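The chains referred to below are lettered A, B, ... by the order of the sequence lines, with proteins before strands, and numbering in each begins at 1. Bear in mind the structure is a predicted one, so any value in this text is a computation, not a measurement.
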Amino acid sequence: MSTERPKYDPANIEPFWQTRWEEQRLFEARRHPGKPKAYILDMFPYPSGAGLHVGHPEGYTATDIVSRYLRMRGYDVLHPMGWDAFGLPAEQHALETGTHPADTTAKNVATFKRQLKSLGFSYDWSRELSTTDTEYVRWTQWLFLKLFERGLAYQAELPVNWCAALGTVLANEEVIDGKSERGSHPVVRLPLRQWTLRITAYADRLAQDLSGLDWPETREKQLHWIGRSEGAEVDFVIEGSADRLRIFTTRPDTLFGATYMVVAPEHPLLERFATAERRAEILAYREASASRSELDRTALSKAKTGVFTGSYALHPLTGARLPIWVADFVLGSYGTGAIMGVPGHDARDFEFARALGLPVVEVVSADGALNETGTWTEAFVGDGVAVRSRFLDGLRTPEAKAAMLAHLEREGLGARRVQYRLRDWVFSRQRYWGEPIPIYFPVELAEGSSDPRIHPHTIRYDQPLPVSEDELPVRLPELEDFKPSEDPAGPLARALDWRFFQRDGKWYARETNTMPQWAGSCWYYLRFIDPKNTQAIFSQEAYDAWMPVDLYVGGSEHAVLHLLYARFWHKVLFDCGLVTHAEPFKKLVHQGMILGENNEKMSKSRGNVVNPDDIVRQFGADALRMYEMFMGPLEAVKPWQTNGVIGVRRFLDRVWNMLAFVTEDAGGSPAELTEDARRLLHKTVKKVGEDIEALRFNTAVSAMMILANALAEFPRVPLEAAKVFARILSPFAPHLSEELWHRWGASESISLQPWPEYDPALTVDELVEMAIQVNGKVRGKLRLKRDATEAEAREAVHREPELIPHLAGKTERRFVYVPGRIINIVVG
RNA sequence: GCCGCGGUAGCCCAACUGGUAGAGGCGCUGCACUCAGAAUGCAGAGGGUGCGGGUUCGAAUCCCGCCCGCGGCACCA
């Protein structure tokens, strides 16, 4: 190689082009009349102190390729980036290092931004936002007020997941196996005053509207999380009392099989059911189950426990006396907190009956025959035929359900009811680093008191008042000490001058709980469309210009948390008339996790973490981008292989060496491709475009490698072909492509060029090599016109000498000919 | 236990949704270049698709039954 020829040097060209792109503001999103739009969104990151890991660029590269591709296809593309910067980890980190969360957050954002920029992503940085920005907080609080106005944000004294180690309450979704999702600290149930969002009011729509979305299996996860189930509520009269016990069941058809009742330890009527002689035991049981952490309850789930209350319910149809038990396998927070025990046809009821010696009655039989339950080792939970059930006898389970429901409703004993597994969303956190909830309460001063900051007082939590819109945002007070405390009011309660204020001579107290991290991410996609708007959360023009999000890429760990909450808020905004689509995210894709080289999850403790900065330094951003796309399908979990990056880097080196010095007429005769190479070029243009649209980036990279290998056969690549190649490569390796493009004399960015056209006629070969099978085994090959008739095929086959031994003396039973595919001769 | 996804060459992965199992990359072997090595270039070898049945002219692709891996849910009545 001649020494004047510079080598491919990403460390040099990548920063150069990144700076140029930024100076030229190439990727700022603007709408042009008549052009189609695409809103391509990444889940914005939480800027942790650890910086970017190689998992981040996977999804980000995918969306960047799609964005760059669509721009070349004439779309106006909105591709923004921002920071989900409130939340526990920032605060934990700040506590550990003794710095203010605002400072650590700013530092982390700077690191993330530098790293993202080093990868050449075509974000519109002019729209950058952070959930912690004062202006952003203002609109998050504004949205909370919308929820409050509509009765969707309310206070409740709830048994909540209190995590002492984190000093906060957690949502159900943040508790895993009885421990906190963050940090795995123990979580216990405590009743506390909490702000709660009425997401259950939207359960039906959240479930229903999933059907129209282009989403992966996440749809099923959300459906399951919402957990809609249809059944009946039935009232049981209590013997010797005016009380009634209401239960929920999905199997009204098994009502005649109920042999006992169970209420949850939290059930409001429990104390009424407790007879004098059993009272002590019952209260002890309630005490015990309340103090058991979720973890204990799950760990001990095998053995069912319970205590008889001493009271009896009367069967609404037979009048039979059914003992009422209390047991912690019944959840206070689901349905009515009480069940009828049908041990013959429910696995849990069966276990309970066996453990406590209660009778088991068969009321559903597989074939309608009567069976004895004495020898049963498990309940019969499937569908069958009703037996021992009077007017239901002989009916199949679905009909029996309907018949019983009709009967209950007619007699006024019960009603049809839909239940959801989904609970309302506990929305307050007892932490510092979050959005203040824009609510305040009247303060009643004790006799002789004049200042609640120093005197005894009562805060009237029952009279919440919304902060008026023009007073937003409510800012976080500066706090020296923002540590969480034992006090569930949280650290903000210590900022007395912030908390208490006077208006018209009266004292008021601000809400001191803050919002959870999910609040900011619930609506950030809406702020990106109009991030600088000071008059409104966003303008209608901006909404019409960009919404909905066409492609949303992020980790599957957000399948039920963020993605459900955001859909909920979006539907509330829909009801407010602020948005016009029922759903915000049309297409959703989860990138698969990237494992360490040893096939284990990347973590500091395993010592298998790959830092993207190191890869960029050694191999270049383009190599990293292409490798991450080449590893395998976007959604697959796959191990990192540094050798794989080396392979991709070699490919880029080859492309450079082959194309960087191409000129119009390098030496006399013009360079030319063969017919086959020309066809391959057109096929590759077609394939790469289709693969990008289908998000099959791995096969697109592969196709370009094949093309490069083929072009390498030529002493000189024609400039026209080189330009086509550079353009299809550019979404993947934008820096290298840009450099090549300019070396060939262009003055305008390659990202402004149109995507190359291909000639469909050249993507289909006329002659195809076909295998000839005899009885399914390949016995010969032959080149045939793609559209040859069967007669032509037959004639060609009989000219093939290698087939003669396989056909001689045999009778042809069948001649299978699929044009362009296969010839199979069945003989016998 | 339930739901979902997935098992193709030593490794990462392709295979037009039934049609010659192999595109690409890594690794390996050999050759060229070199005093030698690195880098580079060229040429090769390698599996019958997790297991067992079935449907079909033909199965990695479809059906049934298992095994293994990953993710989610886990007393939701």
| Under 3.5 Å: donor-acceptor pair, side chain of Asn598(A), backbone of Glu600(A) | yes
| query | Pick the nucleotide of RNA chain B nearest each of Asn775(A) and Glu220(A); which residue has the one closer to the 5' end? | reply | Glu220(A)
| query | Does G48(B) fall in syn (glycosidic angle within 90° of 0) or anti? | reply | syn
| request: Indicate for each nucleotide in nucleotides 37-49 of chain B, in 5' to 3' sequence, whether protein heavy atoms under 4.0 Å reach the base (B), only the sugar-phosphate (S), or nothing (-). | output: ---SS--------
| query | Can you tell me how far P in G72(B) sits from the matching atom in G53(B), rounded to whole Å? | reply | 36 Å
| Closest contact, heavy atoms only, Phe661(A) versus Pro6(A) | CZ-O, 3.5 Å
| Can you give one letter per nucleotide of nucleotides 13-21 of chain B, 5' to 3': B if a protein heavy atom sits under 4.0 Å from the base, S if only from the sugar-phosphate, - if neither? | SS-B--BB-
| message | I need the CG-C1' distance between Asp253(A) and A77(B), as an integer number of Å. | response | 13 Å
| task | Establish, from distance only, whether the side-chain atoms of Thr305(A) and Tyr285(A) form a donor-acceptor pair under 3.5 Å. | result | yes
| Is the shortest distance from a Lys or Arg side-chain nitrogen in Arg228(A) or Glu230(A) to a carboxylate oxygen in the other one below 4.0 Å? | yes
| query | Trp225(A) has a side chain; which of C57(B), A74(B), A77(B) sits nearest to it? | reply | A74(B)
| field | Modelled atom types, side-chain donor and acceptor of Asp424(A) and Thr196(A), under 3.5 Å | value | no
| task | Over 60° means perpendicular and under 30° means parallel, so classify the ring planes of Phe352(A) and Tyr260(A), tilted if in between. | result | tilted
| request: Remember a base hit wins even if backbone is also touched, and classify Ile339(A) as base, sugar-phosphate or nothing at under 4.0 Å, heavy atoms. | output: base
| query | Do NZ/NE/NH1/NH2 and the carboxylate oxygens of Lys401(A) and Asp253(A) come within less than 4.0 Å? | reply | no
| field | From A77(B), C12(B), G24(B), nucleotide with atom closest to Asp346(A) side chain | value | A77(B)
| said: With rounding to the closest Å, how many angstrom separate the P atoms on U8(B) and U61(B)? | reply: 13 Å
| request: Check whether any side-chain nitrogen or oxygen of Ser556(A) sits under 4.0 Å from OP1 or OP2 of G72(B), and answer yes or no. | output: no
| Shortest side-chain distance from Tyr334(A), nucleotide among C57(B), G72(B), A77(B) | A77(B)
| query | Nearest-Å distance, NE2 (His224(A)) to P (C5(B))? | reply | 15 Å
| query | Across the strands shown, which category fits Ser333(A) at heavy-atom distances under 4.0 angstrom: base, sugar-phosphate, nothing? | reply | nothing
| remark: Taken to the nearest whole Å, CD/Glu217(A) to C1'/C2(B) is 16 Å
| request: Indicate whether any N or O donor in one side chain lies under 3.5 Å from an N or O acceptor in the other, for Arg679(A) and Thr763(A). | output: no
| request: With sequence neighbours excluded, give me every salt bridge (Lys or Arg N to Asp or Glu O under 4.0 Å) pair touching residues 637-657 of chain A. | output: Glu58(A)-Lys638(A), Arg649(A)-Asp653(A)
